[in-house]
Amino acid sequence: MDILATNSFKKERRTSCALYLSIILFFYCGVAPALATITLTAEQIQVYGSASETQRVHFLISRAKAGQHELAATLLQHFPLQGPHAADRTLYVEGLILEGQGDLTGAVEKYRAALADDPSLTLVRAQLAETLATLGKDDSAKHHLKLLEAEAPNEDAARGIRSFIDRIDAKRPLTFSGFISLAPTTNLNGGSSHSKVYSSNPIFGDGAYLDISAANQKQSGVGLAAGASIGYSKRMGNHAELVLAADVSGQIYADHEFNSTSFSQSAELRYHLDNGYIGLGAIADEVIDPNAVDIIQDGMTYHSFGPRASLLRFITPHDTLTASAVYEWRDYANSSFMDGTSILSEVSLNHGFNSTFNVTVSGGYDKVDSETSFLSYGTFFGGLGFYKELPLGITLNGNAQARFSKFDDKNPVFFTTREDQRYSASLTLTKRDFNIAGFAPSLSYAYTKNFSNIATSDYDAHAVDFRLTKDF
């Protein structure tokens with residue numbers, strides 16, 4: 001991670017090399033680093049006391065990293081850092097001292113405290129990532145390393161960071177993760193926001209308004225969402241990699257009618273290039289709704305399978321392109337009229353402005369073909385997301401998406417071809433400096449509005465999600 005040292009404290013001036021080196025030589029020759037307690041001579045105090053604040057910071061960092069952490073601790077105690085950046089600089093040096101003393105957990109707390117105040121301190125972030133990796137906190141370490149790619153001055157530096165991530169993955173080929181969240185929502189069943197629907201079907205009379213059943217109107221509730229994932233990756237030579245993954249997730253509500261469980265499995269063979277990889281594999285999904293009460297809800301229980309292709313390309317040190325395409329066969333357990341195929345495709349471009357801010361633009365096309373033509377549709381979609389770390393330990397993560405769908409044939413009940421426009425947005429707030437057993441609390445709010453020319457599919461929804469995350 002030495003490539004990031006030049007970005008350490010962005011407001012610092014260049015050090016006077018002559019005085020800086022004289023301080024190092026003076027203390028290196030005059031003080032034994034192995035001593036638990038170091039007593040400074042009057043001459044040493046005079047030399048160090050005449051140094052500038054920037055020179056002191058560089059000296060403390062160099063001595064702490066060189067194993068003379070007791071010397072750094074003694075100097076920091078006798079000569080507390082001053083100035084507008086003293087608090088964060090002190091936290092960083094204290095973290096290095098704790099590392100030298102073998103207290104890696106304490107060092108992580110110091111680094112995180114500094115980043116909570118000023119997330120732009122890239123040297124602190126790099127040290128945090130390295131220490132987290134040493135502690136075996138791989139998910140957190142990789143989170144910070146991926147953010148640091150935006151600070152890489154060139155492709156070689158970015159490749160060095162990616163190699164660090166690869167080494168973390170290599171030492172733990174089998175991974176586990178999970179989540180549980182409290183998830184209240186105003187529309188847990190995706191029901192209509194209306195109580196009546198207009199139909200031009202002549203069977204019901206010209207301009208008839210039909211009542212929408214209570215079961216198909218939106219219903220609010222508070223539930224729990226939980227999930228778990230297992231992954232396995234194995235490099236086979238310099239270029240090939242096998243990646244296996246399996247996920248399970250579910251929602252539990254007071255009204256068990258809306259409970260559901262979903263499973264997903266995938267296997268992919270990736271061919272790595274210097275600037276990314278291409279992948280080819282297969283996926284399978286199952287959705288189970290054991291409490292379905294009618295034929296439409298029964299239709300939500302299905303399984304699907306098919307091939308998948310993927311692509312990841314590092315265009316520049318700051319820009320990453322990803323793309324995927326899936327062709328799948330769908331088989332519905334109790335509603336064979338919904339059986340069919342689908343094509344799901346998406347491409348996204350992520351640009352990292354710096355280690356605290358990145359933006360993602362995405363888009364794609366889905367085509368679902370059913371044995372029943374009025375249930376078949378095509379969807380174009382586009383989205384925009386951002387990640388931003390702020391002072392006070394706050395991280396904001398936002399996403400917005402627009403989807404435009406058109407069905408293939410007229411609905412036989414409402415005698416019109418369904419067209420939808422769905423707009424959704426979410427905002428997640430994470431408090432990075434609230435460390436709860438190695439996790440940070442995260443609160444999300446999401447809003448969805450679906451405009452449809454058929455009232456049973458015209459709805460809105462507000463949802464809140466509270467969980468703990470390791471991405472901090």
Side-chain angles (χ1 to χ4, degrees), residues 88 91-92 95 105 107-122 124-133 135-151 165 168 175-185 222-229 247 249 320 348 350-360 362 383-401 424-448 462-472:
D88 294 334
L91 286 168
Y92 178 51
T105 300
V108 165
E109 293 178 358
K110 295 291 184 179
Y111 302 146
R112 279 181 166 158
L115 286 176
D117 181 64
D118 186 354
S120 67
L121 301 177
T122 56
V124 179
R125 190 182 298 276
Q127 192 70 43
L128 173 60
E130 185 175 348
T131 308
L132 287 169
L135 282 170
K137 299 183 183 295
D138 298 336
D139 293 334
S140 297
K142 288 164 61 177
H143 167 74
H144 290 286
L145 288 169
K146 290 176 182 177
L147 293 175
L148 284 167
E149 284 190 54
E151 299 286 353
I165 296 175
I168 293 175
T175 60
F176 299 89
S177 63
F179 75 91
I180 183 169
S181 67
L182 182 66
T185 176
V222 177
L224 287 176
S229 301
D247 305 274
S249 62
T320 304
S348 65
N350 178 271
H351 177 75
F353 290 90
N354 52 54
S355 61
T356 73
F357 181 50
N358 62 69
V359 172
T360 301
S362 61
L384 179 67
F386 74 90
Y387 174 95
K388 177 61 180 177
E389 290 188 2
L390 301 170
L392 302 178
I394 294 174
T395 296
L396 293 180
N397 203 333
N399 290 280
Q401 188 182 76
S424 59
S426 66
L427 184 65
T428 301
L429 184 151
T430 302
K431 198 70 169 73
R432 303 189 307 275
D433 55 341
F434 284 3
N435 190 332
I436 304 173
F439 295 84
S442 179
L443 181 66
S444 299
Y445 166 76
Y447 176 73
T448 301
H462 303 263
V464 175
D465 182 287
F466 175 77
R467 66 179 66 186
L468 300 174
T469 178
K470 288 186 177 181
D471 290 342
F472 77 110

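This chain uses plain numbering: 1 for the first residue, then up along the sequence.
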Legend entry - Nearest non-hydrogen partners of A150 and S355, listed with the distance: CB-N, 4.1 Å
Legend entry - Check: H462 side chain, A446 main-chain N or O, donor-acceptor pair, under 3.5 Å: no
Inset, instruction - Report yes or no: do S424 and T448 form a side-chain donor-acceptor pair below 3.5 Å? - result: no
Inset, instruction - Could you check if a side-chain atom of R432 sits within less than 4.5 angstrom of a side-chain atom of P119, using non-hydrogen atoms only? - result: yes
Inset, instruction - Kindly indicate whether the side chain of L132, heavy atoms from C-beta on, has any atom under 4.5 Å from the side chain of R112. - result: yes
Legend entry - T175 side, atom OG1; K142 side, atom NZ - distance, nearest 0.5 Å: 7.0 Å
Inset, instruction - Verify side-chain contact (heavy atoms from CB on, under 4.5 Å) between T356 and K388, making sure each step is shown before the conclusion. - result: CA-CA 5 Å; T356 73; K388 177 61 180 177; 3.2 Å; yes
Legend entry - Pairwise side-chain contact, T428 with N399, heavy-atom cut-off 4.5 Å (strictly under): no
Inset, instruction - Walk me through it: do T105 and L135 pass the test side-chain contact (heavy atoms from CB on, under 4.5 Å)? - result: CA-CA 8 Å; T105 300; L135 282 170; 4.2 Å; yes
Inset, instruction - Quick one: pull up OG1 in T360 and CG in L384 and give me the separation to the nearest 0.5 Å. - result: 8.0 Å
Legend entry - Contact check, side chains of L468 and P441, non-hydrogen atoms, under 4.5 Å: yes
Inset, instruction - Please work out which of the three classes, parallel, tilted or perpendicular, describes the rings of F353 and F357, given edges at 30° and 60°. - result: parallel
Inset, instruction - Could you tell me whether D433 and K431 make a salt bridge, using a distance below 4.0 angstrom between a side-chain N and a carboxylate O? - result: yes
Inset, instruction - Before giving the answer on side-chain contact (heavy atoms from CB on, under 4.5 Å), spell out for H143 and L147 the whole-Å C-alpha distance, their side-chain angles and the decisive distance to 0.1 Å. - result: CA-CA 7 Å; H143 167 74; L147 293 175; 3.6 Å; yes
Inset, instruction - Search all heavy atoms of L182 against all heavy atoms of V222 and return the closest pair with its distance. - result: CD1-CG1, 3.9 Å
Legend entry - E130, E389, E149 screened by salt bridge (Lys or Arg N to Asp or Glu O under 4.0 Å) with R125, the one that passes: E389
Inset, instruction - Quick one: closest heavy-atom pair of L91 and K110, and the distance? - result: O-CB, 3.4 Å
Inset, instruction - For the residue pair N354 and S120, establish whether any side-chain heavy-atom pair is separated by less than 4.5 Å. - result: no
Inset, instruction - With D465 as reference, evaluate S426, S442, S181 under the side-chain contact (heavy atoms from CB on, under 4.5 Å) test and give the passing residue. - result: S181
Legend entry - Separation of I165 CD1 from D138 CG (nearest 0.5 Å): 11.5 Å
Inset, instruction - Check A133 against A141 and note the closest heavy-atom contact, atom names and distance. - result: N-CB, 3.7 Å
Legend entry - Shortest non-hydrogen contact between I180 and R467, atoms and distance: O-CB, 3.7 Å
Inset, instruction - Report the C-alpha distance between L128 and L115 in whole Å, list the side-chain angles of each, state the deciding distance to 0.1 Å, and finish with yes or no for side-chain contact (heavy atoms from CB on, under 4.5 Å). - result: CA-CA 9 Å; L128 173 60; L115 286 176; 3.6 Å; yes
Legend entry - L396 and L390, any side-chain heavy atoms less than 4.5 Å apart: yes
Inset, instruction - Identify the heavy atoms of G352 and N358 that sit nearest to each other, and give their distance. - result: CA-CB, 3.7 Å
Legend entry - CG on L429 to CZ on F466, rounded to 0.5 Å: 11.0 Å
Legend entry - Interatomic distance, L145 atom CG to S140 atom OG [nearest 0.5 angstrom]: 11.0 Å
Inset, instruction - Assign the ring pair Y111 / Y92 to parallel, tilted or perpendicular, where the plane angle (0 to 90°) is split at 30° and 60°. - result: tilted
Legend entry - From Y387 atom OH to N350 atom CG, the distance as rounded to the nearest 0.5 Å: 12.0 Å
